[in-house]
Undergrad: 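Below is the structure I would like to discuss, written out as structure tokens.
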Amino acid sequence: MTTAFSLPQRPKLGISACLLGDPVRYNGGHKESRLCSRDLAQHFDFVPVCPEVAIGLGTPREPIRLIGDPSAPRAVGTLKRERDVTKALAEFGEHMAGELHGISGYVFMHRSPSCGLERVKVYRENGHTAEGGARGIYAGAFCARHPDLPVEEDGRLMDPVLRENFLTRVYAYAQWQVFCANGLTRRAIIEFHSRYKYQVLANDPEQYKALGRLLASIGQHDPEEVGPRYFSGLMAALKKCATRRTHSNVLQHLTGYLKRHLSPQEKAEIQRLIDQYRTGIVPLVVPMTLLKHHFSSHPDEYITQQAYLQPHPEELSLRNAI
């Protein structure tokens, strides 16, 4: 079966170096994520980065914090407020955005004033924290240059739904990189979309329609112009987490391709498992396994190419807990 993760090489992920166990934190310690350093390391090549060490802060060091306006905070020393590293972190983020063009995703350290993606504490002049917080300086500069890149924080990856969503996006991004390297043509864009149609339908039914409308007129556009627009829309759709309802809808669509091959009893069994999944009794892997079994016996060329059937390596067991 052709799958979304049939890639010429392992995808690369940027990652905060402390999450791999590197002793680069302000106190000389680390924040190793076993999910990353042990489980995900079996499937990805990591590119570790510690922006604070990279700009010369050293280890151990005085911690930094964000202060001021949450929309444009400054990163300063907790003891020596005159030590302002905002510009250095932002410039390093822009530099690494150009250097790490071969990655397919990035895992950032949560709550870090340099690497946090959201809700990083920002301190007001009165010592109180601003509501909502902000994004870390390095992460903000890096992500601004790569708005479509799948990014996530280590803490959020402990949520099975968010983990499956992030890695689905990573493999889609890696697959798109292969398509672009081979030359972006109208045919390639249509082929890519054809493979991801049911995955998009599961994640964002409205964006599924919008992408269809965009590609309906692809013959009138230069592929180098419409390709990035399409892919930005795709990644926006995939960022939205699929629900049991939308997954169930896609499972029903897929079942329709088997209706001429299955007995009434087999159809009833699939429907029973889809209903059990929709109501939370069984995980997604249960009806998916039965569907893939039937498609193995009754292959359909169009369905066989669908990324939805296996958007990431089965060994990751990502659909066992959602």
Side-chain angles (χ1 to χ4, degrees), residues 10-66 73-78 85-122 133-159 162-163 165-167 169-171 173-174 239 316:
R10 285 155 51 108
K12 291 182 181 180
L13 295 180
I15 189 169
S16 296
C18 59
L19 297 176
L20 292 184
D22 293 356
V24 293
R25 283 177 57 78
Y26 72 93
N27 58 3
H30 61 78
K31 294 288 287 186
E32 182 180 3
S33 162
R34 293 189 176 184
L35 170 66
C36 294
S37 65
R38 300 186 183 186
D39 298 339
L40 298 187
Q42 298 179 45
H43 301 275
F44 302 97
D45 291 330
F46 284 114
V47 182
V49 179
C50 178
E52 294 179 24
V53 169
I55 65 171
L57 293 186
T59 305
R61 59 184 175 274
E62 176 189 357
I64 60 174
R65 60 165 50 173
L66 299 184
R74 294 186 295 119
V76 303
T78 55
V85 295
T86 309
K87 182 179 179 182
L89 286 172
E91 289 180 347
F92 184 67
E94 293 177 1
H95 169 74
M96 292 307 293
E99 289 289 313
L100 299 183
H101 53 78
I103 62 174
S104 303
Y106 206 123
V107 181
F108 288 95
M109 174 65 195
H110 72 291
R111 294 199 297 247
S112 164
S114 57
C115 293
L117 287 177
E118 56 183 33
R119 300 187 302 277
V120 179
K121 288 183 178 180
V122 179
R135 175 167 280 189
I137 304 299
Y138 166 80
F142 186 96
C143 294
R145 290 279 299 275
H146 291 290
D148 296 331
L149 184 74
V151 297
E152 193 52 275
E153 292 183 329
D154 62 300
R156 283 168 51 90
L157 289 180
M158 300 311 295
D159 182 308
L162 297 178
R163 182 165 65 249
N165 176 274
F166 172 65
L167 294 178
R169 288 185 284 137
V170 165
Y171 279 100
Y173 196 97
K239 190 173 182 180
L316 284 165

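Note: hydrogens, waters and symmetry copies are ignored here, and every other heavy atom, side chains too, is used.
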Undergrad: Between Asp45 and Lys12, does at least one N-O distance fall below 4.0 Å, as a salt bridge requires?
TA: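 Between Lys12 and Asp45 there is no salt bridge, as every charged N stays at least 4.0 Å from the carboxylate O atoms.
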Undergrad: Rounded to the nearest 0.5 Å, what separates atom CG in Leu40 from atom CZ in Arg34?
TA: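 Output value for this atom pair is 14.5 Å.
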Undergrad: Give a yes or no on whether the backbone of Cys18 and the side-chain of Ser16 come within a donor-acceptor separation of less than 3.5 Å.
TA: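 The answer is no, because no donor-acceptor pair under 3.5 Å joins these two groups.
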Undergrad: Would you please indicate yes or no on a ring centroid separation below 6.0 angstrom for Tyr173 and Tyr171?
TA: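 No, the ring centres sit 6.0 Å or more apart.
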Undergrad: Please examine the side chains of Met158 and Leu35, heavy atoms only from C-beta on, and report whether any two atoms are closer than 4.5 Å.
TA: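 Yes - at least one pair of side-chain heavy atoms lies under 4.5 Å apart.
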Undergrad: Compare all side-chain heavy atoms of Phe166 with those of Leu157 and state whether any distance is below 4.5 angstrom.
TA: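 Phe166 vs Leu157: side chains touch.
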Undergrad: State, yes or no, whether a side-chain contact exists between Pro150 and Lys239 at a heavy-atom distance under 4.5 Å.
TA: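 Side chain of Pro150 against side chain of Lys239, heavy atoms only: no contact under 4.5 Å found.
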Undergrad: Side chains of Val151 and Cys143: does their closest heavy-atom pair fall under 4.5 Å?
TA: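 Heavy-atom side-chain distance check passes, below 4.5 Å.
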Undergrad: Judged by atom type as modelled, is there a donor-acceptor pair below 3.5 Å linking the side chain of Asp22 to the main-chain atoms of Val24?
TA: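 Answer holds: no.
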Undergrad: Would a 4.5 Å heavy-atom cut-off, applied to side chains only, mark Leu167 and Arg163 as touching?
TA: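 Side-chain contact under 4.5 Å: yes.
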Undergrad: For Ile137, does its backbone N or O pair with a side-chain atom of Ser114 as donor and acceptor, under 3.5 Å?
TA: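 No: the side chain of Ser114 does not pair with the backbone of Ile137.
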Undergrad: Do Arg145 and Glu94 pass the salt bridge (charged side-chain N to carboxylate O under 4.0 Å, His left out) test, and can you show the C-alpha distance, the side-chain angles, and the key distance before you say yes or no?
TA: CA-CA 7 Å; Arg145 290 279 299 275; Glu94 293 177 1; 5.2 Å; no
Undergrad: Roughly how far, to the nearest 0.5 Å, is the CG atom of Asp154 from the SG atom of Cys115?
TA: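 The CG atom of Asp154 is 10.0 Å from SG of Cys115, to the nearest 0.5 Å.
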Undergrad: Checking His146 side chain against Ala97 main chain: does a donor-acceptor pair fall under 3.5 Å?
TA: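 Yes, because the side chain of His146 sits within donor-acceptor range (under 3.5 Å) of the backbone of Ala97.
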Undergrad: If you count heavy atoms of other groups shown closer than 6.0 angstrom to CZ of Arg61, is the number above 12?
TA: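 Yes, CZ of Arg61 has more than 12 neighbouring heavy atoms, counting only those of other groups under 6.0 Å.
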Undergrad: Indicate yes or no for a side-chain donor-acceptor contact from Thr78 to the backbone of Pro63 under 3.5 Å, with no hydrogens or angles considered.
TA: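 Yes.
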Undergrad: Once the angle between the rings of Phe44 and Phe46 is folded into 0 to 90°, is it parallel (under 30°), tilted (30 to 60°) or perpendicular (over 60°)?
TA: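 Phe44 and Phe46: tilted rings.
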Undergrad: More than 12 foreign heavy atoms under 6.0 Å from CZ of Arg10: is that the case here?
TA: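 More than 12 heavy atoms, drawn from other residues, nucleotides or ligands, come within 6.0 Å of this atom.
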Undergrad: Are the side chain of Arg135 and the backbone N or O of Glu118 linked by a donor-acceptor pair below 3.5 Å?
TA: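 No, Arg135 side chain to Glu118 backbone: no donor-acceptor pair under 3.5 Å.
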